[in-house]
Amino acid sequence: MSDSDLDTTDDPRCAAARNSTAAASPMQRRVFLATSLATLSALVFWQWKKPRVLQAATASSVPTEVSVVLFSDSGERLKRVRINQVVKTPDEWRQQLSANAYDITRNADTEMAFTGQYWNLHDSGIYRCICCENALFDSVTKFDSGTGWPSFWSPIASENVIERRDTSFGFVRTAVSCTKCAAHLGHVFNDGPEPTGLRYCMNSASLRFVRHG
Ligand SMILES: [Zn+2]
């Protein structure tokens, strides 16, 4: 064991103990109290963080089961299945995806309007997740929103996407992600056409179009 192993000067509990013996004047007592409170806060925070970290580690090692609906490439609804969510490391996603698709799907970036490959596509087919092939949208629900992003008034199956509150950039929006792999897809707004009144504003880079055969 080296000398440095025995050096406990970095331990906040030892710092507090040293301060208690040095507390003599009122000023020193105030400093001591402040130091003790800071130390106590640090310890409470450390204790509070610890189980969360362990919980996260445990959670990532146990696959999360999700329900999705399978669709054929011709858009036929096949069946609802329970599967393990697809989990990959950032490096694995980077190897699989283009840099642009990685930034959008894994880091919730947004492509520039009118730059994606699908905003102006009107062919018949289905749109799958670029990351995991989960069926997401059918061209029958696609409409021209004029926004420069592919827009749909409904997902192909509600089970296949997850919607959650997103307050990034100072806006309150509803983010949409893929149920099967958690890829960020875009946002949904309530200014869409009938019959739902919804506008799923998607990134082309999150999608892979499969033309009906
Ligand atoms: Zn996916």
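Nothing here was measured: the structure is a model prediction, and the numbers come from that model.
- Note that the OG atom of Ser204 and the CD atom of Glu111 stand 4.0 Å from one another [nearest 0.5 Å].
- Side-chain contact, Ser168 with Asp166: a donor N or O sits under 3.5 Å from an acceptor N or O.
- Side-chain contact between Asp138 and Phe71 is absent, with no heavy atoms from C-beta onward closer than 4.5 Å.
- Chaining together hydrophobic side chains whose heavy atoms lie under 4.5 Å apart places Val86 alongside Trp93, Leu97, Tyr102, Ile130.
- Ring geometry, Phe189 versus His187: the interplanar angle falls from 30° to 60°, so the pair is classed tilted.
- By the neighbour-count criterion of 12 heavy atoms within 6.0 Å, atom CZ of Phe171 is sparsely surrounded, having that number or fewer from other residues, nucleotides or ligands.
- Nearest heavy-atom pair across Ala205 and Asn100 is CB-ND2, 3.7 Å.
- Atom CZ of Arg165 sits in a sparse spot, with 12 or fewer heavy atoms from other residues, nucleotides or ligands closer than 6.0 Å.
- Taking all atoms of both residues into account, the shortest heavy-atom contact from Asn134 to Cys178 is ND2-SG, 3.4 Å.
- Across Pro150 and Lys142, no two heavy atoms sit closer than the pair CB-CE, 4.0 Å.
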After noting the C-alpha distance and the side-chain angles of Glu194 and Trp153, does the key distance pass the side chain to side chain contact (heavy atoms under 4.5 Å, CB included) rule? CA-CA 8 Å; Glu194 294 298 323; Trp153 47 258; over 6 Å; no
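- Val68 belongs to a hydrophobic cluster with Val66, Leu70, Leu78, Val81, Ile83, counting contacts under 4.5 Å between side-chain heavy atoms of Ile, Leu, Val, Met, Phe, Trp and Tyr, direct or through other members.
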Test side chain to side chain contact (heavy atoms under 4.5 Å, CB included) on Arg128 and Asp73; report intermediate values, then the result. CA-CA 9 Å; Arg128 294 188 181 278; Asp73 283 349; 2.8 Å; yes
Please lay out, stage by stage, how Cys201 and Ser145 fare under the test side chain to side chain contact (heavy atoms under 4.5 Å, CB included). CA-CA 9 Å; Cys201 183; Ser145 63; over 6 Å; no
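- Summarising the geometry of His212 relative to Gly75, their closest heavy-atom pair is CE1-N, 3.8 Å, with the distance given to 0.1 Å.
- Rounded to the nearest 0.5 angstrom, Thr179 OG1 and Ile162 CD1 are separated by 4.0 Å.
- Through chains of ILVMFWY side-chain contacts below 4.5 Å, Tyr127 is grouped with Tyr118, Leu121, Leu136, Phe137, Phe152, Val161, Val176, Leu185, Val188, Leu198, Tyr200, Met202, Leu207, Phe209.
- Dense packing is recorded around CZ of Arg94, with more than 12 heavy atoms of other residues, nucleotides or ligands lying under 6.0 Å away.
- In this structure, Asp109 CG and Asn203 CG are separated by 8.0 Å, a value rounded to the nearest 0.5 Å.
- Residues Asn160 and Pro155 have side chains not in contact (no heavy-atom distance under 4.5 Å, counting atoms from C-beta outward).
- Glu159 CD to Ile156 CD1: the interatomic distance, rounded to the nearest 0.5 Å, is 11.5 Å.
- Atom OG1 of residue Thr64 and atom NZ of residue Lys180 lie 15.0 Å apart, to the nearest 0.5 angstrom.
- Within the 4.5 Å cutoff, no side-chain heavy atoms of Arg106 are placed close to those of Pro90.
- Taking NE2 of His184 as the start and OG1 of Thr110 as the end, the distance is 5.0 Å to the nearest 0.5 Å.
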